[in-house]
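Following: one structure in structure tokens, then a few remarks.
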Amino acid sequence: MILLAGNICTAFGVYTMVQSHLVLAPVDGVILSISNHYNKAYSLCKNCFDIKMIISTIILCLVTRSLLYGICVGCIIKWFELKQVSLIRS
């Protein structure tokens, strides 16, 4: 329940920062710049970026033959929550 509440608060915070054009975290700023440059929805660019980062993490861990670090249940839950928030907003 705490993880769910934290992820919802984080998703809401990112949404309000993007809408108000406040100073963003570096990753969110890059995604906002990409979405503005290609005239695509921010939520679409964010989802594509997150998926690419998860896939690159899996590939790098397989190449280096190490354990999967950085991908946990919270990352996947966050991605689904952000997807639902972006669908509601659209």
[atom1] of [X] to [atom2] of [Y]: how many Å apart, nearest 0.5 Å?
X: I31; Y: Y42; atom1: CD1; atom2: OH; value: 5.0 Å
X: L62; Y: T57; atom1: CG; atom2: OG1; value: 10.5 Å
X: L4; Y: C9; atom1: CG; atom2: SG; value: 9.5 Å

Is Y38 reachable from F49 through a run of I, L, V, M, F, W or Y residues, each pair having side-chain heavy atoms under 4.5 Å apart?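 Per the 4.5 Å side-chain linkage, F49 and Y38 are not co-clustered.
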Hey, any chance I54 and V30 share a hydrophobic cluster, counting ILVMFWY side chains that come within less than 4.5 Å of each other, even indirectly? no
